[in-house]
Amino acid sequence: MGLFDKLRKAFGAKDPEDSQSESQSTSEVASSQVDSQASTTVGSSDQASLSSSVNQSMAQSASISVSLSLAASESTSVSQSQAESESLSLAMTSQSLSESTSLATSLSASTSTSLSESVSLSVSASESESLSESQSLAQAETVSSENEETKRYTKGLEKSRTGFGAKINALLANFRRVDEDFFEELEETLIEADVGFETAMQISEELRQEVKLRNAKKKSDISDAIIEKLVDMYEAEGQGEDNQLHFATQGPTVVLFVGVNGVGKTTTIGKLAHRYQSQGKKVLLAAADTFRAGAIQQLVEWGKRTNVEVVAKPEKSDPAAVVFEAVKKAKAEDYDILFVDTAGRLQNKVNLMKELEKIQRVIIREIPEAPHEVILALDATTGQNALNQAKEFSQVTKVSGIALTKLDGTARGGIVLAIRNELHLPVKLVGLGEGMDDLRDFNPEEYVYGLFQGLVTPK
């Protein structure tokens with residue numbers, strides 16, 4: 001099942017086969033409960049009948065004993081033969097009482113065993129029910145976690161979803177037929193939605209053929225066709241994409257952050273420091289953005305807030321010297337992760353490239369396989385400008401992934417489509433709020449659901 005089909009199913013009704021399966025399962029459970037109740041009732045009936053028989057036998061024995069006692073008190077003088085007869089009768093009565101008592105004891109033991117078995121079965125059923133409840137609780141917690149992540153993306157992409165939907169609806173409202181003018185307007189609409197120029201041109205071209213094949217006339221059909229093309233392209237370009245952050249198998253992991261000033265690079269580092277420090281990792285920060293006023297102090301403040309140590313030198317210091325000291329400290333003191341903040345003077349690309357190259361040489365000299373990640377921070381609110389920054393930084397350094405900040409505060413969330421389709425760089429982190437825990441690992445499917453929810457006709 002393709003991503004668009006999953007999207008449509010997620011927003012539509014349950015699959016009939018799923019509903020039938022659920023109904024059958026419910027019926028089987030109900031039948032099992034009825035059989036269990038019937039078995040319990042039969043067992044109780046047998047025990048009651050057995051108890052009644054024992055009581056009747058004991059009552060008869062007691063009656064014989066009373067009759068014999070009365071006969072003995074009325075006959076004060078009896079013959080020897082009568083005494084012998086009486087003695088014989090008493091002996092027989094005693095034997096009868098003994099046998100009755102033995103029978104009663106046997107029946108009582110049988111009843112006790114039956115009751116014990118019933119209790120054992122009840123306890124076993126209770127333990128089974130407890131295990132089932134425990135498994136259900138674990139499943140519920142997993143579903144709850146998944147639902148929470150879905151809610152974060154749905155809320156975080158609300159502005160983008162509303163903006164994108166409004167643009168598509170406005171486009172469809174202005175045209176009575178799908179002609180060449182419509183496709184030209186579609187291209188402009190998609191570019192305004194920040195899906196990228198190349199993506200907009202490709203979708204427009206493919207839709208020309210698709211609309212004819214489908215004979216699409218209703219606005220909902222055309223809207224679905226547009227979104228399906230976007231999703232299919234997004235899915236195809238993402239084949240084999242690695243959205244995970246990678247860590248060293250031994251020794252400290254070094255993550256180098258790059259990006260222009262003001263995109264939220266330092267804030268992203270601070271939030272990641274909080275995440276991993278909360279997980280029990282030993283985290284170190286390096287303030288290598290030594291030329292921007294206030295950059296060092298900003299990172300130091302994040303260190304205090306997250307209880308993480310920061311390696312810093314005075315402003316105008318050599319950034320590579322700061323990184324060298326940080327890497328040496330990370331190795332010597334067994335730190336798990338080192339996050340390196342760097343300058344973002346893209347307007348002076350030559351100097352920036354030399355600076356980043358020097359920093360990476362220092363890192364590699366101390367840890368040959370590092371840096372393990374080079375994360376480019378981009379501000380989602382800048383739209384197409386963020387795409388241009390990504391292209392520039394990809395020429396300066398080898399970027400392994402993108403941290404897209406402020407995604408919740410913009411109507412330009414379509415930039416993720418452009419990044420994947422045009423730059424072929426994986427988005428690894430997204431900012432879905434201002435809180436410490438609102439920096440999330442990027443989830444490609446949740447992103448699509450959040451961006452297009454309510455814009456697809458459910459089936």
Side-chain angles (χ1 to χ4, degrees), residues 141-164 194 243-247 253 255 257-281 283 285 295 298-308 310 337 339-341 344 373 375-383 386 389-390 400-417 419-420 425-454:
E141 288 176 351
T142 301
V143 171
S144 176
S145 176
E146 292 174 353
N147 289 342
E148 180 63 28
E149 198 68 7
T150 299
K151 288 177 183 177
R152 284 179 183 271
Y153 273 86
T154 300
K155 183 179 179 182
L157 288 161
E158 184 176 2
K159 288 185 178 180
S160 293
R161 181 170 60 252
T162 303
F164 185 83
D194 291 299
N243 301 105
Q244 303 299 312
L245 289 173
H246 295 279
F247 298 87
T253 295
V255 181
F257 272 84
V258 299
V260 300
N261 299 331
V263 297
K265 183 166 75 266
T266 306
T267 300
T268 299
I269 292 172
K271 289 181 177 180
L272 281 176
H274 164 70
R275 175 197 290 189
Y276 292 110
Q277 194 272 345
S278 299
Q279 293 176 4
K281 303 290 186 183
V283 182
L285 307 181
Q298 185 184 1
L299 195 65
V300 169
E301 187 59 36
W302 268 107
K304 292 177 181 177
R305 194 184 305 182
T306 58
N307 195 29
V308 168
V310 181
I337 307 172
F339 292 115
V340 180
D341 192 9
E373 292 279 2
I375 301 297
L376 170 62
L378 296 176
D379 183 344
T381 64
T382 61
Q389 290 174 23
S400 61
I402 287 174
L404 194 62
T405 66
K406 310 173 192 176
L407 190 59
D408 62 308
T410 181
R412 297 174 169 179
I415 190 66
V416 178
L417 300 172
I419 289 170
R420 173 179 277 189
L425 285 173
V427 175
K428 298 200 173 189
L429 299 162
V430 288
L432 297 175
E434 296 180 359
M436 282 279 208
D437 297 320
D438 289 329
L439 179 70
R440 314 298 297 177
D441 292 330
F442 180 66
N443 185 314
E445 287 197 9
E446 293 291 2
Y447 165 76
V448 169
Y449 294 162
L451 185 60
F452 297 121
Q453 189 179 55

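The basis for the numbers below is simple: all heavy atoms, side chains too, and nothing from hydrogens, waters or symmetry mates.
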Taking only Lys NZ, Arg NE, NH1 and NH2, and the carboxylate oxygens of Asp or Glu, determine whether D438 and R152 approach each other closer than 4.0 Å.
-> yes

What distance separates L376 CG from I402 CD1, expressed to the nearest 0.5 Å?
-> 5.5 Å

Has the side chain of K265 got a donor or acceptor atom that lies under 3.5 Å from a matching backbone atom of A377?
-> no

S160: partners by side chain to side chain donor-acceptor pair (under 3.5 Å), with sequence neighbours left out = none

Looking only at heavy atoms, which two atoms of D441 and L429 are closest? And how far apart?
-> OD1-CD2, 3.4 Å

Please identify each residue that fulfils side chain to side chain donor-acceptor pair (under 3.5 Å) with T267, with sequence neighbours left out.
-> none

Salt bridge check: are R440 and D408 linked by an N-O gap of less than 4.0 Å?
-> no

When you measure from the side chain of R161 to the backbone N and O of G156, does any donor-acceptor pair fall under 3.5 Å?
-> no

With distance as the sole criterion, is a donor-acceptor pair present between the side chains of E373 and S400 under 3.5 Å?
-> yes

What pair of heavy atoms forms the shortest contact from V308 to L285, and how long is it?
-> CG1-CG, 3.8 Å

Going through the distances and angles, do R420 and V427 end up as a side chain to side chain contact (heavy atoms under 4.5 Å, CB included)?
-> CA-CA 8 Å; R420 173 179 277 189; V427 175; over 6 Å; no

Heavy-atom donor-acceptor pair, T405 side chain to V263 backbone, under 3.5 Å = yes

Q244 backbone acceptor or donor facing K428 side chain under 3.5 Å | yes

Closest heavy-atom contact between G270 and T306?
-> O-CG2, 3.7 Å

Ring centres under 6.0 angstrom apart (Y153, Y447) = no

Between I269 and F339, the two heavy atoms sitting closest are CG2-CB, 3.7 Å

When rounded to the nearest 0.5 angstrom, what distance separates CD1 in I415 from OG1 in T382?
-> 7.0 Å

Under the 3.5 angstrom rule, does the side chain of Q389 hit a backbone N or O of L378 as a donor-acceptor pair?
-> no

Quick one: pull up CZ in F442 and CG in L407 and give me the separation to the nearest 0.5 Å.
-> 8.5 Å

Hits for side chain to side chain donor-acceptor pair (under 3.5 Å) against K406, two or more places apart or cross-chain, chain-then-number order -> D379

What closest approach, in Å, do F257 and V255 show between heavy atoms, and which atom pair accounts for it?
-> CE1-CG1, 3.6 Å

Only one of L272, L245, V340, T268 clears side chain to side chain contact (heavy atoms under 4.5 Å, CB included) with I375; which?
-> L245

Taken to the nearest 0.5 Å, the spacing of L439 CG from L432 CG works out to 8.5 Å

What closest approach, in Å, do L404 and A380 show between heavy atoms, and which atom pair accounts for it?
-> CG-CB, 3.9 Å

